[in-house]
Enquirer: 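The structure's right below; bear with me while I get my questions together.
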Amino acid sequence: MSDHTTSAPLPRPGGLASRAAAQPAAGYLQGLNPEQRLAVEATDGPVLVLAGAGTGKTRVLTTRIAHLIATGRAYPSQILSVTFTNKAAREMKERVANLVGPVAEGMPWLGTFHSISAKLLRRHAELVDLRSDFTILDTDDQIRLMKQVIQAEGIDEKRWPGRMLAGFIDSWKNRGLAPKDVPPGESGVFANGKGGKLYAAYQDRLKTLNAVDFGDLLLHCLTLFREHPELLANYHERFRYILVDEYQDTNVAQYLWLRLLAQGRRNIACVGDDDQSIYGWRGAEVDNILRFEHDFPGATVVRLERNYRSTGHILATAAKLIARNEGRLGKTLRTEDEAGEKVTITGAWDSQEEARLISDEIEAMQSKGENLSEVAILVRISAQMREMEERLIHVGVPYRVIGGPRFYERAEIRDAMAYLRCVVSPTDDLAFERIVNVPKRGLGDATIQLLHNHARATGFSLMQSARAVVETEELKPKARTALRELVEAFARWSGRAESMQQGELAELVLEESGYTEMWQKDRSADAAGRLENLKELVRSLDEFPDLPSFLEHVSLVMDADSGDGGARVSIMTLHAAKGLEFDTVFLPGWEEGLFPSQRALDENGRAGLEEERRLAHVGLTRARKRLKLYFASNRRIHGLWQSSLPSRFIDELPEDHVEVVQAPTAYGQGGYGASRFERMESFGSSYQTPGWQRAQENKAKFGSGGNSSGFSEAGQRGFGSGGGRQRGPVLIEGELTAKSTGTSAFDPGARVFHVKFGPGSVASVDGNKLTVDFDKAGRKMVLDSFVQKAG
DNA sequence: CAGCCTAGAGTTTTT
DNA sequence: CTCTAGGCTG
């Protein structure tokens with residue numbers, strides 16, 4: 001290994017380090033509370049910092065790094081500091097730089113598990129049978145490859161889809177299992193026992209392609225360390241201190257990775273919060289954090305419990321909720337902040353009204369001049385976003401959606417990348433296959449198949465095969481010409497790669513390949529945006545010294561540029577909100593089945609419920625000053641209106657700290673009050689009627705789809721915006737209280753018209769509920785306010 | 001080979 | 001309901 005830092009002596013007296021150490025209580029330590037300070041100053045040996053939400057976790061981490069550097073314990077290049085996301089890594093780098101100055105620039109080992117692993121692997125690729133210019137596949141490439149492998153085995157790809165295999169393989173990799181390590185019982189679950197075999201075949205394919213997937217980055221590192229102890233020892237020497245952020249999110253592979261590296265000096269500090277572990281479904285093992293003291297005997301455990309973020313009521317609410325979980329290390333958050341406003345809970349008739357209530361609140365805040373960037377709407381599932389967006393567009397409140405497809409996952413970026421990959425490494429078959437017929441060149445399945453056959457027979461890459469095949473008569477003239485042109489173009493581009501600025505080269509490639517033109521001709525709504533993204537890609541290219549380093553950056557680091565500093569409300573999933581905070585937080589959709597998610601309950605029972613509860617806890621603790629929860633009695637799921645009960649989590653909140661703001665609607669109130677009754681105490685829903693199914697049954701009582709669909713347009717106008725700024729629920733309550741509303745204005749036999757179902761005749765009347773035989777839609781039960789007299 | 005149409009599915013997401 | 005992937009037809 002050539003890295004000079006390995007053999008560099010420790011700072012000597014008189015160096016920068018000792019000067020800093022000589023100063024009493026260094027400036028960076030000031031303002032830390034005693035626990036934080038302990039977490040910073042316990043430099044040697046294993047340390048576990050249990051940092052509750054808003055307790056200054058990042059501050060501890062960055063100050064600790066500053067402390068290690070300033071006291072001369074380590075050079076920046078001797079500190080291994082791992083995060084999960086690039087965002088976290090970036091933030092940490094910035095904050096360390098603020099503390100210690102430009103020395104922090106030299107922190108080559110501050111990064112994500114994956115980027116650090118990639119770096120290690122590029123150095124030692126040959127030891128795990130790779131070339132150092134290996135490509136990193138994304139999920140899409142991965143699945144395409146799986147499909148090929150599955151088909152090659154002669155398995156029906158429909159019954160055993162590639163993405164399913166990808167899921168299995170991913171979870172094996174998460175657990176650090178190579179093909180040979182997969183328990184036979186598990187490898188059997190896919191394709192009648194072929195799972196393990198397919199995994200092995202897939203790994204073989206990757207090796208031939210000189211490619212790795214995300215999981216391999218970790219896995220190959222494990223192999224590297226295990227099979228080359230001298231190399232590992234070398235890194236033990238180098239990494240004097242190891243820091244880990246969000247430790248509760250580590251999976252088994254990451255845990256093993258850390259354990260191997262920490263073995264040497266045992267100077268490992270993990271910071272995390274078991275109450276914020278929300279990624280169990282993708283392999284995170286809360287156990288890693290629960291087991292820390294056992295794995296690292298003699299560990300110093302520090303609890304950070306003083307919260308600097310939220311007001312009293314909010315914190316008390318969150319604390320009470322999370323206290324219901326059993327599998328936790330136990331922390332009690334406290335604040336010295338004022339009690340503030342109570343947390344509110346509002347019931348709405350349906351999800352549209354819920355959106356309306358939230359937008360009303362936001363508009364009110366906006367008119368008071370509050371900063372919309374301090375407002376967030378956090379949802380359980382992305383499907384909830386659309387309705388919120390529609391509503392905000394309707395009232396003209398600016399918003400931004402956080403999350404969604406990442407920059408490099410967009411088709412146009414991946415296509416452009418594939419072109420560049422082919423230019424840089426003509427043997428990249430996956431990239432070649434991706435763009436061979438994009439834009440359309442008349443090179444379809446038949447041509448690809450031929451190339452594949454040729455490649456398999458000769459051991460050539462697809463590009464080489466193409467070059468050979470165009471010299472033969474095997475292809476029809478049309479296809480042959482097209483393919484020849486493509487192959488020649490790539491030769492030309494590759495030839496220029498040396499001499500040209502990569503940004504220019506990319507532009508040239510995209511232009512000459514006809515790719516840009518393809519989108520220019522496209523008239524779909526998002527074509528302009530895609531061209532814009534391509535421009536962005538070209539622009540960012542020039543920030544890199546060369547194409548390969550750019551490609552690495554894009555596959556591992558690049559994320560969507562959510563720039564744009566305008567004041568906007570943020571909409572995102574609860575998962576995406578972890579680590580963020582806002583003055584005001586809206587939490588819609590607290591309903592059984594949605595949150596906690598029925599699926600989490602069905603698939604993981606109590607563990608699933610507890611993870612959902614932690615997710616709720618994450619949501620609650622995002623708020624600094626104002627926290628507003630909502631539930632709707634009716635929600636459209638997969639296009640069907642379903643009625644739902646308020647979430648059990650609502651029942652679990654402390655009455656002293658929450659306020660049920662609006663008397664919920666008549667129905668809503670029934671639901672809220674009755675929910676304690678109706679729900680069973682246990683969570684195992686297997687023997688319990690699922691919420692949504694019960695909702696189906698209830699539906700009859702309140703009219704099937706009819707009433708609610710009418711809500712969409714006529715309904716909204718009818719009560720919502722029309723009747724003088726009134727709160728929706730009040731009006732709806734009137735509509736629903738059949739008994740007190742008196743009789744309907746309709747008589748049996750009357751002809752009526754319904755916005756959704758069209759014309760029909762009234763069959764019977766029950767209060768304000770009508771049974772109508774619609775001419776087209778058949779017999780439906782609807783509320784009279786949704787129909788008009790006709791003919 | 002390309003465009004249209006139909007059938008099926010449909011949490012949470014980073015790297 | 002809405003999207004996507006794959007199948008079928010021109």
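Every chain is numbered from 1 and lettered A, B, ... according to where its sequence line falls, protein lines coming before strand lines. What you see is a predicted model, and the numbers here were worked out from it, not measured in a lab.
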Enquirer: Does the base of dT11(B) carry an N or O that pairs as donor and acceptor with the side chain of R380(A) under 3.5 Å?
Expert: no
Enquirer: Take R599(A) and A446(A), find for each the nucleotide of DNA chain B with the closest heavy atom, and name the residue whose nucleotide sits nearer the 5' end.
Expert: A446(A)
Enquirer: When you get a sec, tell me which of dC1(C), dT13(B), dA2(B) is the closest nucleotide to the side chain of S382(A)?
Expert: dT13(B)
Enquirer: Checking all strands, does R163(A) fall into the base, sugar-phosphate, or nothing category for heavy-atom contacts under 4.0 angstrom?
Expert: nothing
Enquirer: I want to verify a distance call: between dT15(B), dC1(B), dT12(B), whose nearest atom is closest to the T85(A) side chain?
Expert: dT15(B)
Enquirer: Could you check how far CG of N604(A) sits from P of dT11(B), rounded to whole Å?
Expert: 16 Å
Enquirer: Which word best sums up how the rings of Y515(A) and W519(A) line up, parallel for under 30°, tilted for 30 to 60°, or perpendicular for over 60°?
Expert: perpendicular
Enquirer: So S117(A), base contact, sugar-phosphate only, or nothing? Heavy-atom distance under 4.0 Å.
Expert: nothing
Enquirer: Starting at atom CZ of F214(A), determine the distance to atom C1' of dT15(B), rounded to an integer number of angstrom.
Expert: 4 Å
Enquirer: Salt bridge between E473(A) and R480(A), side-chain N to carboxylate O under 4.0 Å?
Expert: yes
Enquirer: Look at K147(A) and dG6(C) and indicate whether a side-chain polar atom (N or O) is within less than 4.0 Å of OP1 or OP2.
Expert: yes
Enquirer: Side-chain N or O of N86(A) versus OP1/OP2 of dT15(B): is the shortest distance under 4.0 Å?
Expert: yes
Enquirer: Work out how far the P atom of dA5(C) is from that of dT12(B), and round it to whole angstrom.
Expert: 16 Å
Enquirer: Closer than 4.0 angstrom, basic N to acidic O: yes or no for E611(A) and R614(A)?
Expert: yes
Enquirer: Are any of the side-chain nitrogens in K578(A) or E246(A) under 4.0 Å away from the carboxylate oxygens of its partner?
Expert: yes
Enquirer: Is there a side-chain polar atom (N or O) of T573(A) under 4.0 Å from OP1 or OP2 of dT13(B)?
Expert: yes
Enquirer: Want to settle it: does E603(A) or N437(A) sit nearer the 5' end of DNA chain B, counting the closest nucleotide to each?
Expert: N437(A)
Enquirer: May I ask you to decide if the ring planes of W172(A) and Y199(A) are parallel, tilted or perpendicular, using 30° and 60° as cut-offs?
Expert: parallel
Enquirer: Distance check needed: dT15(B) C1' versus F84(A) CZ, whole Å only.
Expert: 10 Å
Enquirer: Would you indicate which nucleotide in dT13(B), dT11(B), dT15(B) comes nearest to any side-chain atom of T139(A)?
Expert: dT15(B)
Enquirer: dA9(B) base stacked by H638(A)? Criteria: ring centres under 5.5 Å, plane angle under 30°.
Expert: no
Enquirer: Could R380(A) and E612(A) be called an ion pair, given the rule that one side-chain N must be under 4.0 Å from one carboxylate O?
Expert: yes
Enquirer: Measure from CZ on R441(A) to P on dC1(B) and round the result to the nearest Å.
Expert: 14 Å
Enquirer: To the nearest angstrom, how far is Q642(A) atom CD from dC1(C) atom P?
Expert: 14 Å
Enquirer: Rounded to the nearest Å, what distance is computed from the NE2 atom of residue H575(A) to the P atom of nucleotide dT12(B)?
Expert: 9 Å
Enquirer: May I ask whether Y279(A) stacks on the base of dT13(B), given the cut-offs of 5.5 Å between ring centres and 30° between planes?
Expert: no
Enquirer: Could you tell me how far apart D213(A) (CG) and dT14(B) (C1') are, to the nearest whole angstrom?
Expert: 13 Å
Enquirer: State whether R386(A) places a side-chain N or O below 4.0 Å from either non-bridging phosphate oxygen (OP1 or OP2) of dC3(C).
Expert: yes
